[in-house]
Number of protein chains: 2
Amino acid sequence: MEQKRFFLSENEIPTQWYNIQADMPNKPMPLKNPVTKEDMKPEDLYPIFCEECSRQELNQTDSWIDIPEKVRQMYTYYRSTPLVRAYGLEKALGTPAHIYFKNESVSPVGSHKLNSALAQAYYCKQEGVTNVTTETGAGQWGTALSYAAKVFGLEAAVYQVKISYEQKPYRRNMMQVFGAQVTASPSMSTRAGKDILTKYPNHQGSLGTAISEAVELARMTPNCKYTLGSVLSHVSLHQTIIGLEAEKQMAMAGEYPDEIIACFGGGSNFAGLAFPFMRHAISGEHKGTRFIAVEPASCPKLTKGKFMYDYGDEAGYTPLMPMFSLGHNFAPANIHAGGLRYHGAGVIVSQLLKDGLMEAMDVDQIETFQAGMLFAQSEGIVPAPESCHAIAATIRRALECKESGESKVLLFNLTGHGLMDMAAYNQYLSGNLTNYAMSDEEVEKNLANFSL
Amino acid sequence: MEQKRFFLSENEIPTQWYNIQADMPNKPMPLKNPVTKEDMKPEDLYPIFCEECSRQELNQTDSWIDIPEKVRQMYTYYRSTPLVRAYGLEKALGTPAHIYFKNESVSPVGSHKLNSALAQAYYCKQEGVTNVTTETGAGQWGTALSYAAKVFGLEAAVYQVKISYEQKPYRRNMMQVFGAQVTASPSMSTRAGKDILTKYPNHQGSLGTAISEAVELARMTPNCKYTLGSVLSHVSLHQTIIGLEAEKQMAMAGEYPDEIIACFGGGSNFAGLAFPFMRHAISGEHKGTRFIAVEPASCPKLTKGKFMYDYGDEAGYTPLMPMFSLGHNFAPANIHAGGLRYHGAGVIVSQLLKDGLMEAMDVDQIETFQAGMLFAQSEGIVPAPESCHAIAATIRRALECKESGESKVLLFNLTGHGLMDMAAYNQYLSGNLTNYAMSDEEVEKNLANFSL
């Protein structure tokens, strides 16, 4: 019997996160103050973020950052997550490829998001913060932050993108079980929300808008900090626990990945899995590894977007970031992969893509659900719509291997399960799912309308 | 840092199930043919069940039954499940007790039910069966059987108790993702269903009725067998993988449980966790271990029911079984723990309870959700309403330890997660949850009305 799942013992769980900024051939360009347009220093971020996260955000010198003992202790509640050889999927595809996935869906909140939520909540608590705010798209980040806040004794207020709030009441309930206050965004509780609702009374919400609302609440509330679930460099840093574990687990399996594949919203799960392996590509120890970010064809910032300075949110409260973007006012189609409905990519990933150290591809919604169905039936796990993007890309690669007869080693990130997304599967099963691919012309048109 | 979770490597996963029937001081009394009232032999069960399960059902001689290699291979998709030290819950309670739980919620389908579904589907396939039928209450068994059928290439038809079909569309969707055909029960597709609907047009369904429908379909369809998710002895047998793993894992933790606690519907998860430990109680190696089955106060078959011969289903298609029962026509209140809404207890457990080798307690619905909330907030996992019964009982014990200052070792079974049950939590959070405890008088009245 061949081994199916690989675990690390608790003392093998990494004690440090990996900060790729220190090792990049070209460092990310600086963040800029949205008002003065000057380069940002950590202290410029303190009004929004906790101080330690602000320092981590701009740290371009230390390759390794210690994981606080209390955070690592909470990691043991669900980590190591298993590295799994997808024998069932391989057999269903008839591919000679060796397919592995890192199963982050076994986290108690159902996704990888907890890896950073615990860190951010911990640092906030250490610094005397009492309240945290955030936004959530698919609901995975909001759930993670709600639980992490409860763990460290903080109050959490979550702005949930309205379409997700309505499509996924269970997600809202789950955040409430963990004690969070949940508001549909856009809401009338912030200026940013009011502005949008005045202009577009039926606005379905977007991550960009929800971020504006959460940032505004954090600014207006004493002892309150904002936390973000992706995009930013310190979030990617915390997520490297995924790849650092996977590296050890791939060694247990006696293999090294030829291709590393992850879905892409703001970039943190991609970064988390890919960066620890990418350090060996940068050092030259493992040349030729391919790093593939997979985005929805309805939100193609990496494959069709423009590298430029842009805001992280709709209202323009965040720093200006050098990134691949579709424009911060871009309103993505209502696809089910809510976690990928974001206009821009994090600064590190954007620089890496620009420098050719990674690549990007886009997939249509229906193909992602076809992939998710095959995965569910062959591996038993119903994947989140976001994760279905990574699965769809992996299946494409595996079928290419079948064509060519190559036994490539493919590793993808199963970011979360889809148990809160069964309505989406139901829509697929009943034949009512739609593709929303954006053409080059549509992207150009949006960027032409776009101004900073 | 103290170890939180204990895993077995794949080669440590047990190779045999434990059959407590062989070691019981008093064996269960025989099943009886519902028509002739004669003692049943395995071949009398073949028209309904696959042959191997029929033999296992009545096997009172072999303590150990080999797990087929293909079943064991599928177990590696999610086993060993972790044994977890509930440090978070202990801290929240301030108890000196050491609380452990076996986390069966990490199974791909979200509960322990897969342990038997894989075995039953495998044996059916081996014997040339092409179609399987079953019933499902909470949806957990139906989901498990749907996936197991897909794994071994069988078609599955599931009768889902109507109230659960309506309250939990996500569960239905999940079964459909795995390719099953799902029908709300009572339905007009069987005589049993038609009879009930004629009498009670608004019948919300019950496990007893859904079983009748599934059994009837199996009888009427060539190459089709019925499968059951609890109650029967072969199901309990397959579930002993839980306790056998837990035994090894408790040894890794350097402890032995003083009390073993599990929720109780038909008895299979209780049996699965308890029986492997109970063999040491029977042999005298570990005297004094307490085995506690926890049932809803709305369905108190163990604490208030009568030991008698009764049918397993509403229509009287199943063999007559010697068991603690509230009467096979008992219609339990619509509590959220759908998996515990069953009128009777399996024959092994019934005999053990009669002989004083185990004990039973009942808990009200609101207390179970209070317990579930505390568990979610302290351990991060939202438990299934069924599992909340075990948690509530464990919390009672742990608080007694706090009172007495004892550091007892408590082990409970976390049978599943509650991610499909968030509507129930929402009802709890909004203060709309009700208790439905049955009084002795009500139970007696029902049993007085009852006739075989």
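In this text, all values refer to a predicted model and were calculated from it rather than measured experimentally. Letters A, B, ... mirror the listed sequences (proteins, then strands); counts begin at 1. Values below: all heavy atoms of this structure, side chains included; hydrogens, waters and symmetry mates excluded.
- The two residues Leu429(B) and Asn173(A) have their closest heavy-atom pair at CD1-O, 4.2 Å.
- Looking at Met420(A) and Met422(B), their side chains come closer than 4.5 Å, going by heavy atoms from C-beta outward.
- The shortest distance between side-chain heavy atoms of Leu419(B) and His417(A) falls below 4.5 Å.
- Atom CD of Glu155(A) is surrounded by 12 or fewer heavy atoms from other residues, nucleotides or ligands within 6.0 Å.
- Asn103(A) contributes atom CG, which lies 14.5 Å from atom OH of Tyr78(B) (distance to the nearest 0.5 angstrom).
- Both the backbone and the side chain of Phe178(A) come within contact range of chain B, each with at least one heavy atom under 4.5 Å from a heavy atom of that chain.
- Residues satisfying the salt bridge (Lys or Arg N to Asp or Glu O under 4.0 Å) test with Glu90(A), not counting sequence neighbours, are Arg85(A).
- For the salt bridge (Lys or Arg N to Asp or Glu O under 4.0 Å) condition, no pair includes a residue of residues 137-147 of chain B, sequence neighbours left out.
- Going from atom CD of Gln176(B) over to atom OH of Tyr425(A) covers 14.0 Å, rounded to the nearest 0.5 Å.
- Closest of all the heavy-atom pairs between Arg5(B) and Glu10(A) is N-OE2, 2.7 Å.
- Close approach to chain B, defined as a heavy atom under 4.5 Å from one of its heavy atoms, is seen in Ser378(A), Glu379(A), Gly380(A), Ile381(A), Val382(A) of residues 378-386 of chain A, taken by number.
- Proximity to chain B involves both the backbone and the side chain of Tyr170(A), based on heavy atoms less than 4.5 angstrom apart.
- Here the CG atom belonging to Asn11(A) is positioned 8.0 Å from the CD atom belonging to Gln3(B), to the nearest 0.5 angstrom.
- Within the 4.5 angstrom heavy-atom criterion, no atom of Ser430(A) approaches chain B.
- At least one side-chain heavy atom of Tyr87(A) sits under 4.5 Å from a side-chain heavy atom of Tyr77(B).
- Qualifying side chain to side chain contact (heavy atoms under 4.5 Å, CB included) partners for Gln167(A), counting only residues two or more places apart in sequence or in other chains: Ile163(A), His336(A).
- To the nearest 0.5 Å, atom OG of residue Ser80(B) and atom CZ of residue Phe7(A) are 7.0 Å apart.
- With respect to chain B, the highest number of heavy-atom pairs below 4.5 Å among Arg172(A), Arg171(A), Arg79(A) belongs to Arg79(A).
- Heavy atoms of other residues, nucleotides or ligands lying less than 6.0 angstrom from NZ of Lys70(A) number 12 at most.
- Interface remark: Val177(A) contributes backbone and side-chain atoms alike to the contact with chain B (heavy atom separation under 4.5 Å).
- Heavy atoms of other residues, nucleotides or ligands lying less than 6.0 angstrom from CD of Gln181(B) number 12 at most.
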